[in-house]
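Step one of this worksheet: look at the structure below.
The chains referred to below are lettered A, B, ... by the order of the sequence lines, with proteins before strands, and numbering in each begins at 1. Being a predicted model, the structure only gives us computed values, none of them experimental.
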Number of protein chains: 2
Amino acid sequence: MSKKNITTLKKIATELGVSISTVSRALSNHPDISDETKQRVNETAKRLHYVPNLFAKGFRSHKTSTIGVIVPDISHYFTSTLLKGIMQEAELNGYKVIVSESRNNEYKQAEMLQTMNQFGVDGILLSLARTTTNFDEILNTLAIRPLILFDKVSTKVPCTQVVIDEEDAAFRAVQHLIQLGKKRIAIIKETEKSFNSEMRYLGYLRALKTNNIELDESIVLSSEDISMQQGKRLGTVLISMKNRPDAVFAITDSAAIGVIKTLNKNKISIPSEIAVVGFSNNISSIIIEPKLTTIDQPGNKIGEIAFRYLLEEINNDTQISNKTIEIKTNLIVRDSSFKSD
Amino acid sequence: MSKKNITTLKKIATELGVSISTVSRALSNHPDISDETKQRVNETAKRLHYVPNLFAKGFRSHKTSTIGVIVPDISHYFTSTLLKGIMQEAELNGYKVIVSESRNNEYKQAEMLQTMNQFGVDGILLSLARTTTNFDEILNTLAIRPLILFDKVSTKVPCTQVVIDEEDAAFRAVQHLIQLGKKRIAIIKETEKSFNSEMRYLGYLRALKTNNIELDESIVLSSEDISMQQGKRLGTVLISMKNRPDAVFAITDSAAIGVIKTLNKNKISIPSEIAVVGFSNNISSIIIEPKLTTIDQPGNKIGEIAFRYLLEEINNDTQISNKTIEIKTNLIVRDSSFKSD
DNA sequence: AATTTAATTGCAAACGTTTGCGGGAACGTT
DNA sequence: AACGTTCCCGCAAACGTTTGCAATTAAATT
């Protein structure tokens, strides 16, 4: 049904008895073409519902005005804010966005990179799969076209990276607990040494050090996935200690919420007995009671900035830089760390 | 840095001293080509990191192997499950996906449709912006290429539509409350007559009728946006009534959670005094205490099925159908409607 | 040895667009 | 009248790929 009645330059040209090039130039408002001709061309183009074939266009110009984005998991709220930022900024600059999900699988991730290369995107925004150990395909891509890492990054890839200032964020979260008078602050982090987890741990350590609090390894807890389930479990571990902590910094809102759930169940008062701080500012953090103190990561902003840097690299065909841009976060203090009523 | 060293068929051809067509055929495993040549071609192609230029390809074949998806808001959890389903199924079939967000703005939506048309996607999956009143661009697109509506749909567009069986879902939710012995069931719906809201309301009405319960308009509440804020507000409205309802069916999890929050604050026991049921099975529904009974919408499945139908329409260049496919939902019973301990 | 057949490969056109270059008409300048 | 400008416009090549058809070679048949 569809393919027959597609309007091309040629069709307009024959219709008007002029050449294809004239039509092309008229439509792009080339000074060589008389106003009258432009008028006529634009008119028939509109009448015939002409839409330029971007394929033919991109085919010639080697520009697709499209960027590719690969994220580990599209269904995390934070991820969707990242995408929002990227898409918004992309649209503002006349770029289309192709989104893919690696599902935290590095093979899938490599495959997606290939596809995007084939597709001829002008640049790629990549947030790494958690398990990435083989960087070959990424480095290959980097040699071919602009690529920027964001959110989940790695020092193994020499390119521009846009991240939140994890260390600083964690530092401030813990600092906040200390200023509240807390002295024995547990942390829940990832077993595996992911970039984000390690940075947040470093922030935790620095806060302790700054305040001359000695590190107690027995309240440094880890788990494979830092989910609500694990938060619940580690919560019970914590309250069954002879020497209970008086605060918990969980590297994830989900885990923090899990902790709160066990504390609630065991009638341990939050924050007076144990205060809790999370990380991400999920929607859930205002659902749980008491509402969760947490770090707000400005996903939109990260996405926005990542796109801007990518655009710059696309336009200036310079050599690749490898600076790291750190976006500052906000500590949002709520009831889980501050007596509200 | 990038554009110079791109491998084309020609490069491989000259390298091997054969013609371009031979290389092309060899790579696509055409029977005309001898095994030895195929071998050599494949080898050099690999060595030179050949990636086919999909633009040249799509340019000739008029097929881009790409579909466009437009959703109102990418950051809703349910939306991301829809996208997940679509992307998964698309990948399985060798399709790329372009995602866009209309931000519930019908002009933006029309613009996105145009862009996708220009881009030459093979088909479009559209979830309508809430405010859509002008269907011109949609109908135009429909005349040009396969388009399927999903989730947020409208009868004004004569095409295949994939939705959840809203009416049935609502019916079962309310039926469940009635079976629990509830007799005076309030509903919180949208002021504006959106498709989804109306269908759910119809389900509510049918459940009442089936059980010979008379409709009491005074406990049919509406609000512009059915957010947690509004849920809280309408919750206070409900409990300040002389003749309080003994259950609330909220058309949205957020609103339901808002209601629970006010009930909790006012020490009204859930579910014994007032039971609450939501709709969507958000993550938040297991964060709130008591955990929320709600309707689980299988987003993945909807996405999957929508893509399949689209693919069918892409392949069979038949005339457009306009059947509606309704996906069944699951009622998930939790503590907000059932005494657990 | 001559002819047919089969197996490989190359030629060239086509897809829709952009763009450097050249050409004709109209006008003004010597 | 001859020349130079300026203003419009068309020709044709190019982008990388696929594909119908023709061409070449080798093998098989007579």
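Between A:Gln39 atom CD and D:dC9 atom P there is a gap of 13 Å when expressed in whole angstrom units. Straight-line distance from the CG atom of B:Asn29 to the C1' atom of C:dT8: 15 Å, rounded to whole Å. Nucleotide D:dA26 holds its C1' atom 15 Å from the CD atom of B:Glu36, rounded to whole Å.
B:Phe307 has its ring centre less than 6.0 Å from the ring centre of B:Tyr95.
In this structure, A:Tyr77 places its OH atom where only 12 or fewer heavy-atom neighbours from other residues, nucleotides or ligands lie under 6.0 Å away. The environment of A:Lys301 atom NZ is sparse: at most 12 non-hydrogen atoms of other residues, nucleotides or ligands sit within 6.0 angstrom. Counting non-hydrogen atoms of other residues, nucleotides and ligands closer than 6.0 Å to CZ of B:Arg103 gives a total above 12.
The pair A:Arg130-A:Glu192 fails the salt-bridge criterion, with no side-chain N (NZ, NE, NH1 or NH2) lying under 4.0 Å from an Asp/Glu carboxylate O.
Using a 4.0 Å heavy-atom criterion, one finds that A:Thr37 contacts the sugar-phosphate atoms exclusively.
The base of D:dC8 does not come close enough to the side chain of A:Asp32 for any donor and acceptor atom to sit less than 3.5 Å apart.
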In B/S/- notation, 5' to 3', how is nucleotides 11-17 of chain C contacted by protein heavy atoms closer than 4.0 Å? BB-BBBB

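Taken together, the paired segments of DNA chain C that extend over three or more consecutive Watson-Crick or G-U pairs, each closer than 3.5 Å at both contacts, are C:1-30 with D:1-30.
Using a distance-only test at 3.5 Å, with no hydrogens or angles considered, no donor-acceptor pair links the side chain of A:Thr141 to the main chain of A:Leu113. With hydrogens and angles ignored, the 3.5 Å screen pairs no side-chain donor or acceptor of B:His76 with any backbone N or O of B:Phe78. Side-chain N or O atoms of B:Glu106 include none that pairs as donor or acceptor with a backbone N or O of B:Ala129 at under 3.5 Å.
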